[in-house]
Amino acid sequence: MSIWFLLWMLLTSVFALVFLYLAAALTIARNNMKRTVGFFHPYTNDGGGGERVLWCAVKAIQELNPNLECIIYTGDDASPQSLMERAVNRFGVKLPYPPKVVRLYKRKWIEESTYPHFTMIGQNMGSVFLAWEALCKCTPLFYFDTSGYAFTYPLARIFGCKVISYTHYPTISSDMVSRVRDRLSMYNNDARIAGSIWLSRCKLLYYLFLIWLYGLVGSCAHLAMVNSSWTKAHIEKLWKISSCIRRVYPPCDTKALQALPLERPVETPTIISVAQFRPEKAQALQLEAFALAIQRLDSGSQKPKLQFVGSCRNEEDQERLLKLKSRSIELKVDKHVEFHKDLPYRDLVQLLGGAVAGIHSMIDEHFGICVVEYMAAGAIPIAHNSAGPKMDIVLGEDGQQTGFLASTVEEYAEAIVKVLSMPEEERLKMATAARKRAERFSEQRFYEDIMAAMEPIILSTDGPLR
């Protein structure tokens, strides 16, 4: 008997066993399917806008249909009570009752450090393995992805779930492809690749393949909610399920922040920056702009203070925070800069209430919750001139300017100087208009919009959605 025949028989047997195992697992999972909503959110301690959406979405479903049990799929060591307390303490969101927790132990499959090369495809394929673990442990009636892992949608459909997603940011977009094509060096396009025609072409083919694949898996969603006009345009183009896409602005704590007085302390004008310490948030640009603004202020002017407030997801973020501190020393502004990591929500509100301006510098920020928070708190926003801030947020209100948009260090420094040199009457006028604009993105508006989007699915579970 040929060795090749034996090898073929062995491989055939392995594939047959794998197929039988999958078929059995899916049958068991479907038979054990419960009237639950499973929230796929592997990191429940990231402290960002995505986590706020998670807790507000849980609250919305608990109020919309109390008969549905909410489950959180997370890689964190958390209990139902600790998550409920975190929602209140970190975001001010009080859940009607604690959600259940399904602990995931394969989160390493979606961590960036696991894939030194081909990180994007590695993390997305890894998310399928993580979702397999989640769905085998507990198969929900509704699979709700709040973290942007679209590659898990076909698997959830195979398990018999109805797929709901809230997309903050497309995994890959035409803008990213354009930057690779134009060989622009950025956080997601290494300078070595940007400097090589051959490597850029290879990466371009890789990205084009990813875009096709992303569109294929994304089209498996029954309902796709997106957080901004910019994200909506990209998802409609990529997923091609326009009838299933709804724009639902993310929940911003405008009510509590609007209670803050618009007047600010005159001793030391403060500028605040609220964002996770991630590369795309570009905090280094803010430091450079702040240093340049200080140089341009009149010698007799009171020196301003810059406060960084954010959280760290991993060791890379911790290292990035340390580099920012070192950079502030190099720029000789360390005496005027403060860093606040993992700040409790009540303390964040207090800092926002003392800031004359809020700065944001991420290119193509999908929405920009922090920008809305600045406006609601009475701090003049200085945001990046792209995507969410440009298209949805920092727009005129009743003919009055609500903030500033900038792209370069020079433009940010100019905007900072303008805010600091602005007469108090003019600043109050702009802050009032900005606060009014922020009402469009309130937490209450989020609840109304997300309930309207989910009601046809959540309250009627008979038959397919489409």
Side-chain angles (χ1 to χ4, degrees), residues 18 22 40-46 48 50 73-76 103-137 143 145-159 163 165 167-181 184-194 196 198-221 234-235 238-239 276-281 312-320 364 366:
V18 170
L22 293 177
F40 191 70
H41 202 99
Y43 296 92
T44 51
N45 62 351
D46 59 13
Y73 297 114
T74 177
D76 297 314
R103 178 76 186 278
L104 305 179
Y105 293 92
K106 295 182 174 61
R107 195 169 66 180
K108 67 176 183 179
W109 291 107
I110 62 169
E111 291 175 0
E112 187 177 340
S113 59
T114 305
Y115 310 96
H117 306 289
F118 299 99
T119 307
M120 195 181 297
I121 189 68
Q123 285 181 294
N124 281 293
M125 291 305 178
S127 69
V128 179
F129 287 100
L130 191 63
W132 174 266
E133 179 190 3
L135 293 169
C136 283
K137 286 184 173 179
Y143 175 85
D145 168 43
T146 48
S147 295
Y149 292 106
F151 280 65
T152 65
Y153 301 171
L155 181 66
R157 288 287 291 259
I158 291 172
F159 269 80
V163 179
S165 72
T167 302
H168 304 270
Y169 195 81
T171 298
I172 185 166
S173 66
S174 55
D175 293 344
M176 294 167 67
V177 174
S178 297
R179 291 186 191 115
V180 174
R181 183 182 286 116
L184 298 176
S185 177
M186 283 189 66
Y187 63 87
N188 62 347
N189 193 33
D190 187 85
R192 183 174 60 89
I193 294 176
S196 168
W198 170 247
L199 291 177
S200 291
R201 286 177 178 173
C202 289
K203 187 167 184 176
L204 181 61
L205 290 174
Y206 168 57
Y207 269 21
L208 290 174
F209 170 70
L210 272 179
I211 273 196
W212 173 79
L213 205 56
Y214 185 60
L216 189 66
V217 298
S219 66
C220 291
H234 279 77
I235 293 300
L238 294 169
W239 292 4
Q276 292 174 312
F277 293 104
R278 292 158 51 181
E280 61 268 31
K281 297 301 181 180
C312 296
R313 303 162 300 170
N314 46 42
E315 290 183 7
E316 287 81 5
D317 287 356
Q318 293 275 12
E319 186 178 342
R320 198 168 292 113
D364 288 339
H366 40 285

| Does NZ or CZ of Arg157 lie under 6.0 Å from the centre of the six-membered ring of Tyr153, at an angle within 45° of the ring axis? | no
| query | How far does OH of Tyr73 sit from CG of Leu104, to the nearest 0.5 angstrom? | reply | 8.5 Å
| message | Rounded to the nearest 0.5 Å, what separates atom NE2 in His41 from atom CG in Asp76? | response | 9.0 Å
| query | Who are the ring-ring contact (aromatic ring centres under 6.0 Å, His included) partners of Phe40, not counting sequence neighbours? | reply | Tyr143, Tyr149
| For Phe209, which residues count as a ring-ring contact (aromatic ring centres under 6.0 Å, His included) partner, sequence neighbours excluded? | none
| query | Is a side-chain donor or acceptor of Tyr115 paired with a backbone partner of Trp109 at a separation under 3.5 angstrom? | reply | yes
At their closest point, which heavy atom of [X] faces which heavy atom of [Y], and how far apart are they?
X      : Y      : result
Leu210 : Phe151 : CD2-CZ, 4.4 Å
Gly126 : Ile110 : C-CG2, 3.8 Å
Gln123 : Glu111 : NE2-C, 3.8 Å

| message | My understanding is that only residues two or more places apart in sequence, or in another chain, count here; which of them pass salt bridge (Lys or Arg N to Asp or Glu O under 4.0 Å) with Lys106? | response | none
| Evaluation steps, side-chain contact (heavy atoms from CB on, under 4.5 Å), between Ile121 and Tyr206 | CA-CA 9 Å; Ile121 189 68; Tyr206 168 57; 3.4 Å; yes
| Would Trp132 and Phe159 satisfy side-chain contact (heavy atoms from CB on, under 4.5 Å), going step by step from the backbone distance to the final call? | CA-CA 9 Å; Trp132 174 266; Phe159 269 80; 3.5 Å; yes
